[in-house]
Amino acid sequence: MRSIVTPPQEPRSRDADRTQQTILAAARDEFALFGLAGARVDRIAERADINKRLIYYYFKSKDDLFLAVLENAYAHIREAEAQLHLRDMAPAQAIRRLTEFTWEYYIAHPEFLTLLNSENLHQGRHVAMSSRVQKTNSPLIQTLAEILERGRSEGIFRGGIDPLQLYVSIAGMAYFYLSNNHTLSAIFGRDLMTPKAHQERLSHMCDVILGYVLRN
């Protein structure tokens, strides 16, 4: 049974929120490199340049810290998507832009993919307990549903498209390619991470997704 952790006194100039964000950034890097099982709180404290007791004061346990990192990661990508203002675009343009954004975001934030890989190894048990993750992700599906309905009513999109299934397809095409690029490149004898290969993949993704939603 863990004894009550008494937090060390923080310097008055250190803001508690800033301290937590510093911890989360250090933890994100540690979890991305080593996964939940391999991550060490000692190393997180070293990365953050803080007393380890502060980590336990704010986040209680390594599992709680991992969940907080996941919640932040999901919040970050959803906030970035919100800046696209997809509702202001024509339906086909919005679907293409979401596809492009997802691909570009995954390339720019490889730590997001490795965090998801680690959570899936643990069968999603952390995010399953988080109401924040569910609330963070629901607006995207609602936005996508509205775009699909607008496209259908304008005679551009076919009907009966499940917005959740569509998003899983968009994310999945990017996620699988990038998460498995080492094995795919070795198996097929082709470097899938060159700029040319990236552009070819994005073009293919857009063709597949728009080919699915547009009416023939």
Side-chain angles (χ1 to χ4, degrees), residues 1-86 98 101-144 164 167-168 170-171 174-175 178-179:
M1 185 173 181
R2 179 180 294 157
S3 60
I4 296 175
V5 176
T6 302
Q9 292 296 316
E10 295 185 70
R12 291 185 179 181
S13 61
R14 177 173 288 174
D15 177 81
D17 289 339
R18 182 175 298 176
T19 300
Q20 292 180 60
Q21 289 305 313
T22 299
I23 293 170
L24 287 170
R28 176 201 62 208
D29 294 344
E30 177 75 8
F31 288 130
L33 282 173
F34 300 104
L36 174 59
R40 296 291 178 265
V41 175
D42 285 337
R43 287 198 298 256
I44 294 172
E46 290 175 5
R47 288 174 183 272
D49 192 25
I50 62 166
N51 190 303
K52 184 172 71 171
R53 285 188 294 163
L54 271 177
I55 295 177
Y56 288 116
Y57 172 67
Y58 286 122
F59 298 101
K60 311 305 179 187
S61 70
K62 187 170 77 167
D63 279 278
D64 288 343
L65 177 57
F66 183 61
L67 174 56
V69 168
L70 288 171
E71 289 176 335
N72 262 23
Y74 276 112
H76 188 272
I77 187 172
R78 298 289 91 93
E79 288 167 3
E81 282 166 347
Q83 296 305 310
L84 299 176
H85 301 291
L86 296 174
L98 178 61
F101 167 84
T102 302
W103 172 253
E104 292 161 358
Y105 188 92
Y106 287 1
I107 290 176
H109 298 276
E111 75 284 352
F112 182 66
L113 303 186
T114 54
L115 289 170
L116 295 188
N117 288 341
S118 184
E119 175 63 352
N120 276 292
L121 285 174
H122 292 84
Q123 300 180 327
R125 63 183 175 88
H126 299 87
V127 295
M129 298 184 295
S130 173
S131 59
R132 180 185 171 193
V133 168
Q134 295 171 13
K135 290 177 181 177
T136 298
N137 287 276
S138 295
L140 169 66
I141 302 305
Q142 179 60 38
T143 295
L144 195 51
L164 175 58
Y167 181 72
V168 170
I170 292 171
Y175 181 90
L178 295 171
S179 292

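Small disclaimer: the values here were computed from a predicted structure and weren't measured.
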Could you pull out the closest heavy-atom pair between Ala75 and Thr136, with the gap in Å?
CA-CG2, 3.7 Å
Does the plane of the ring in Tyr105 sit parallel, tilted or perpendicular to the ring in Phe101? Use 30° and 60° as the thresholds.
tilted
Evaluate the criterion side chain to side chain contact (heavy atoms under 4.5 Å, CB included) for residue pair Thr19 and Ile23; output intermediate values, then yes/no.
CA-CA 6 Å; Thr19 300; Ile23 293 170; 4.1 Å; yes
Would you confirm whether Thr22, through its side chain, and Arg18, through its main-chain N or O, come within 3.5 Å as a donor-acceptor pair?
yes
For His122 and Ser118 the tightest heavy-atom approach is ND1-O, 3.0 Å
Taking the side chain as C-beta and beyond, is there a heavy-atom pair between Leu70 and Ser130 under 4.5 Å?
no
Between the CD atom in Glu119 and the CG atom in Leu36, the distance rounded to the nearest 0.5 Å is 8.0 Å
Can you list the residues that meet the side chain to side chain donor-acceptor pair (under 3.5 Å) rule with Thr143, with sequence neighbours excluded?
Arg87
Is the closest side-chain heavy-atom distance between Leu116 and Tyr74 below 4.5 Å?
yes
Can you name the residues that form a salt bridge (Lys or Arg N to Asp or Glu O under 4.0 Å) with Arg40, not counting sequence neighbours?
none
Intermediate values then yes/no, side chain to side chain contact (heavy atoms under 4.5 Å, CB included), Ile50 and Ile44:
CA-CA 9 Å; Ile50 62 166; Ile44 294 172; over 6 Å; no
Exercise answer: donor-acceptor pairs, residues 106-113 side-chain atoms, under 3.5 Å, sequence neighbours excluded:
{"from": "His109", "atom 1": "ND1", "to": "Glu111", "atom 2": "OE2", "distance (Å)": "3.1"}

Look up atom OG1 in Thr114 and atom CG in Leu33, then write down how far apart they are to the nearest 0.5 Å.
7.5 Å
Take Asn72 and Arg28 through the side chain to side chain contact (heavy atoms under 4.5 Å, CB included) test and state the conclusion after the steps.
CA-CA 9 Å; Asn72 262 23; Arg28 176 201 62 208; over 6 Å; no
Nearest heavy-atom approach of His126 to Leu67 is O-CD1, 3.5 Å
So do Leu178 and Trp103 actually touch side chain to side chain, heavy atoms under 4.5 Å?
yes
Using only atom types and a distance under 3.5 Å, with no angle test, would you say the side chain of Glu71 pairs donor to acceptor with the backbone of Arg132?
no
Smallest heavy-atom separation, Phe34 atom then Ala39 atom, equals CB-N, 3.7 Å
Can you measure from CG (Asp17) to CG (Leu24) and round to the nearest 0.5 angstrom?
10.5 Å
Show, in sequence, the C-alpha distance, side-chain angles and deciding distance for Leu65 and Tyr58, and conclude whether the side chain to side chain contact (heavy atoms under 4.5 Å, CB included) test is met.
CA-CA 9 Å; Leu65 177 57; Tyr58 286 122; over 6 Å; no
Are side-chain heavy atoms of Phe66 and Glu30 found at a separation under 4.5 Å?
no
Kindly compute the distance separating CZ (Arg125) from CE (Met129), expressed to the nearest 0.5 Å.
6.5 Å
Can you tell me how far OH of Tyr167 sits from CG of Leu98, rounded to the nearest 0.5 angstrom?
6.5 Å
Glu81 with Arg78: basic N within carboxylate O range, under 4.0 Å
yes
